[in-house]
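Single-structure report; data block below.
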Number of protein chains: 2
Amino acid sequence: MKNLYSQVCEDILGQIRAGELRVGERLPPEAEYAATLGISRSTLRMAFAELEEAGVLKRRKRAGTEIISDRPQRRFSMATSGVAELLSLGRDTEFSITSTRQVPTEEIPQLAGLSSETGHWLEVSGSRRMQGESRAFSVNRVYVPARFAAIEPVLHEGRRSVFQTIEETFDVRIGRVAQSVRAVACPAEDAKVIGLEPGAPALRIEAQLYLSDERLMEVSVATFHPERFQVHNDVKIK
Amino acid sequence: MKNLYSQVCEDILGQIRAGELRVGERLPPEAEYAATLGISRSTLRMAFAELEEAGVLKRRKRAGTEIISDRPQRRFSMATSGVAELLSLGRDTEFSITSTRQVPTEEIPQLAGLSSETGHWLEVSGSRRMQGESRAFSVNRVYVPARFAAIEPVLHEGRRSVFQTIEETFDVRIGRVAQSVRAVACPAEDAKVIGLEPGAPALRIEAQLYLSDERLMEVSVATFHPERFQVHNDVKIK
DNA sequence: GCCCATAATTAGTCCGTACTTTAAAATTAT
DNA sequence: ATAATTTTAAAGTACGGACTAATTATGGGC
């Protein structure tokens with residue numbers, strides 16, 4: 001290995017793989033560890049930074065350096081400039097709500113097993129269109145747990161996304177997004193809205209948005225017009 | 001602002017927004033710049049690291065620090081552990097080649113305007129299946145520029161992805177992936193292979209793989225069975 | 001036993017210096 | 001001109017020291 005700190009990374013990774021260090025354990029304090037390794041604290045910190053980046057370590061003031069995974073991850077960074085972009089909603093689109101209602105968990109397959117929240121969710125139905133255009137390119141259904149149901153009146157005030165409204169109203173931040181993309185035959189009810197034949201190919205995106213403490217923030221199910229919308233990712237590899 | 005280096009970040013960003021610094025320009029050398037700002041080089045380097053992370057700066061030894069964007073990007077990291085995962089090809093799938101041939105640029109719409117490479121590309125046609133299963137879940141066509149066409153004999157030796165073969169054979173690394181996902185009506189020729197009715201909804205993924213120097217490495221067009229394949233992203237937000 | 005103030009600990013920030021590596025630029029040779 | 005070589009400027013690596021801030025742990029009061 002060329003650099004000292006990369007070498008230190010490898011060593012720590014090796015010890016984890018060999019079982020000498022285990023997930024959940026804490027490493028010694030920086031100063032102490034650097035001394036025993038015979039390197040400077042700054043060099044150790046560079047190694048730690050790399051391992052933290054790779055998802056192996058987690059560092060917190062006073063709490064120390066914890067091993068949280070034995071599998072370093074090659075890092076990809078998405079070339080997007082906000083969560084809205086990540087969710088593939090351009091800046092120049094607007095969301096209009098057609099209806100809201102309370103639904104019990106059992107009625108919506110996408111909610112099954114996701115949360116032990118109280119039985120009812122706020123369902124927000126709507127569609128999204130390019131600014132200025134008249135026809136929508138997607139039909140959206142967003143499910144909000146009871147905890148955030150109070151946003152309902154606020155939603156009607158603007159054309160913002162549901163997640164943005166929640167972020168602002170409750171002063172919380174998205175921490176993670178799990179998203180799946182499939183091709184489906186467009187349901188008849190949605191086909192009318194986006195101008196498709198029933199049964200024609202359409203793109204279905206289901207997303208779960210979580211807060212940084214892993215609590216569920218919203219579940220969203222959207223059906224997109226296949227010619228007027230596509231998911232585009234641009235991913236740099238470290 | 002709390003930290004000196006975050007403050008420096010803000011300052012630089014502010015100057016970019018104000019037009020005092022422009023995209024394409026280079027910042028002064030670290031030592032010099034730190035001196036004029038009246039801070040230590042390490043502190044400046046922390047600020048630079050943050051701005052590089054955000055996609056605003058690009059640093060290269062001896063070449064200096066260049067401003068490459070005026071829009072800092074909120075950071076997303078994908079929870080994948082390799083490019084294969086990123087391209088949504090699980091570890092436990094295998095690729096089999098059905099045919100290869102030389103094609104001119106004009107015949108393939110996905111190649112239009114992508115590269116000024118010489119007129120011919122190596123087209124590798126194949127399908128991908130889960131390990132052990134008999135029916136494929138995707139039909140793939142991969143286009144390799146003439147520069148890498150020599151991999152053709154190597155391809156038939158194993159069941160590895162084309163990009164992996166290129167990486168190994170030429171000792172190069174992927175630097176960026178641009179990917180788009182759409183819903184399409186499955187073409188008749190592909191429908192047979194993955195067991196779909198012609199015209200049924202299918203997922204189409206088109207990807208361009210670039211090397212770190214931005215030269216094109218491969219273009220791939222794949223059609224997926226909608227029930228047996230979906231794109232899944234799990235994205236942490238900083 | 002529980003709550004609150006205090007102390008101790010640990011990662012984070014900041015400084016300054018010295019040396020190394022890379023690659024752009026300049027120079028020389030073909 | 002073009003190719004090979006040398007120079008050199010810039011980021012990268014590494015060291016060590018000092019101070020800061022956050023948070024866990026401790027101890028005292030009720």
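Quick note on labels: first sequence line is chain A, next is B, and so on, each numbered from 1.
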For [Y], is there an ion pair with [X] - N to carboxylate O distance below 4.0 angstrom?
X	Y	value
A:Arg141	A:Glu206	no
A:Arg160	A:Glu168	yes
A:Glu66	A:Arg26	no

Next on the checklist: One character per nucleotide, please: for nucleotides 10-15 of chain D, 5' to 3', B when the base has a protein heavy atom closer than 4.0 Å, S when only the sugar-phosphate does, - otherwise.
Outcome noted: BBBBSB
Checklist entry - For B:Phe163 and B:Met217, which heavy atoms make the closest approach, and how far apart are they? => result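 Looking at all heavy atoms of both residues, the shortest contact is O-CE, 3.3 Å.
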Next on the checklist: Reading DNA chain C from 5' to 3', where do the contacts with chain A start and stop? Cut-off is 4.0 Å to heavy atoms.
Outcome noted: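 Listing 5' to 3', DNA chain C meets chain A from C:dA8 to C:dT22.
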Next on the checklist: Using the salt bridge (Lys or Arg N to Asp or Glu O under 4.0 Å) criterion, which residues pair with B:Arg204? Sequence neighbours excluded.
Outcome noted: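 Salt bridge (Lys or Arg N to Asp or Glu O under 4.0 Å) check on B:Arg204 returns nothing, list empty.
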Next on the checklist: Side chains of A:Gln7 and A:Asn3 only: does a donor on one sit below 3.5 Å from an acceptor on the other?
Outcome noted: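 A:Gln7 vs A:Asn3: no donor-acceptor pair found between side chains.
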Checklist entry - Does one side chain, of A:Arg128 or A:Ser138, offer a donor that lies under 3.5 Å from an acceptor on the other? => result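 There is no such pair (donor and acceptor under 3.5 Å, judged by atom type) between the side chains of A:Arg128 and A:Ser138.
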